[in-house]
Colleague: 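Before we start, here is the structure in question, set down as structure tokens.
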Amino acid sequence: MAREIDEAWVSEAIDRHRRVEQLRGDYDRAVESHQVSVHSPDNSIEVTVTASGRITDIQIHGGLSHRHPGEFSRELQAAVSNATDAARWAREKLHNEIFDQFRALGEA
């Protein structure tokens, strides 16, 4: 027994797949280009990171001559850890913003 192919359903499925691929590309580009900056607990170090987690800049505020190496190391590690958390937050925010558009299409 031969089954009929619902061409409208197939066409809609292809369109939805293309839209998902487009949104995925938008998301990937946004994750690479969106940057957030965070500071160490004492505000002496600023780390800028993309949503993908790539560190793009580290700024040291104030001199280093008065800093103990262990203290500086702890502040730097805290800033990098904060940057990792900020990148994760940014990815989730971007994902929700971009893919909510797709979910809204399903409700229409």
Side-chain angles (χ1 to χ4, degrees):
M1 173 187 217
R3 292 185 176 197
E4 278 189 42
I5 296 176
D6 184 345
E7 291 184 26
W9 182 87
V10 170
S11 178
E12 183 179 330
I14 290 170
D15 289 344
R16 288 177 63 82
H17 174 74
R18 286 183 180 143
R19 182 66 178 138
V20 167
E21 289 301 311
Q22 178 186 1
L23 291 173
R24 187 178 314 198
D26 293 348
Y27 173 74
D28 291 344
R29 284 185 293 281
V31 163
E32 269 309 309
S33 65
H34 189 78
Q35 295 186 359
V36 293
S37 293
V38 297
H39 294 85
S40 62
D42 71 356
N43 287 324
S44 66
I45 303 170
E46 179 180 358
V47 177
T48 303
V49 62
T50 64
S52 69
R54 184 173 49 88
I55 293 175
T56 59
D57 193 25
I58 297 176
Q59 295 288 319
I60 308 299
H61 303 288
L64 296 176
S65 60
H66 71 284
R67 308 238 11 204
H68 182 274
E71 172 194 355
F72 179 74
S73 177
R74 283 188 297 279
E75 291 297 319
L76 182 58
Q77 184 158 359
V80 170
S81 179
N82 290 344
T84 299
D85 293 342
R88 184 180 313 111
W89 172 84
R91 278 193 308 274
E92 290 172 5
K93 187 173 187 311
L94 289 168
H95 186 275
N96 290 338
E97 288 175 3
I98 290 172
F99 285 97
D100 276 353
Q101 297 172 24
F102 183 73
R103 285 189 275 281
L105 289 176
E107 296 170 0

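Values below: all heavy atoms of this structure, side chains included; hydrogens, waters and symmetry mates excluded. No experiment lies behind these values; they were computed from the predicted model shown.
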Colleague: Minimum heavy-atom separation for Ala83 to Val49, with atom names?
Modeller: O-CG1, 3.5 Å
Colleague: Taking salt bridge (charged side-chain N to carboxylate O under 4.0 Å, His left out) as the test, write out the residues that go with Glu21, two or more places apart.
Modeller: Arg24
Colleague: Tell me every residue that passes side chain to side chain contact (heavy atoms under 4.5 Å, CB included) with Arg29, counting only those two or more places apart in sequence or in another chain.
Modeller: Asp26
Colleague: What distance do Ser40 atom OG and Ile58 atom CD1 have between them, rounded to the nearest 0.5 Å?
Modeller: 11.0 Å
Colleague: Taking side chain to side chain contact (heavy atoms under 4.5 Å, CB included) as the definition, give me every residue that meets it alongside Ser33, ordered by chain and number, with sequence neighbours left out.
Modeller: none
Colleague: If a pair satisfies salt bridge (Lys or Arg N to Asp or Glu O under 4.0 Å) and one of its residues is in residues 57-67, list it, with sequence neighbours excluded.
Modeller: Asp42-Arg67, Arg67-Glu71
Colleague: Taking the side chain as every heavy atom from C-beta outward, state whether Val31 and Leu94 have any pair of such atoms under 4.5 Å apart.
Modeller: yes
Colleague: Work out which heavy atom in Val36 is nearest to a heavy atom in Trp89; give both atom names and the distance.
Modeller: CG1-CZ3, 4.4 Å
Colleague: I need the minimum non-hydrogen distance between Val38 and Ala79, along with the two atoms involved.
Modeller: CG2-O, 3.6 Å
Colleague: Please list, chain by chain and in numerical order, all residues satisfying side chain to side chain donor-acceptor pair (under 3.5 Å) with His61, sequence neighbours excluded.
Modeller: Glu46
Colleague: Take atom CD in Gln77; do more than 12 heavy atoms of anything else shown fall under 6.0 Å from it?
Modeller: no
Colleague: Between Arg18 and Ile14, is any pair of side-chain heavy atoms under 4.5 Å apart?
Modeller: yes
Colleague: How far does CG of Asn43 sit from CD of Glu75, to the nearest 0.5 angstrom?
Modeller: 9.0 Å
Colleague: For Glu92, give me all partners under side chain to side chain donor-acceptor pair (under 3.5 Å), at least two apart in sequence or on another chain.
Modeller: none
Colleague: Considering all heavy atoms of both residues, which atom of Ser52 and which atom of Thr50 are nearest to each other, and what is their separation?
Modeller: OG-OG1, 2.7 Å
Colleague: Quick check for you: to the nearest 0.5 Å, what is the distance between Ser44 atom OG and Leu76 atom CG?
Modeller: 9.0 Å
Colleague: Between His34 and Arg91, is any pair of side-chain heavy atoms under 4.5 Å apart?
Modeller: no
Colleague: Any heavy-atom pair between the side chains of Asp15 and Arg19 that's under 4.5 Å?
Modeller: no
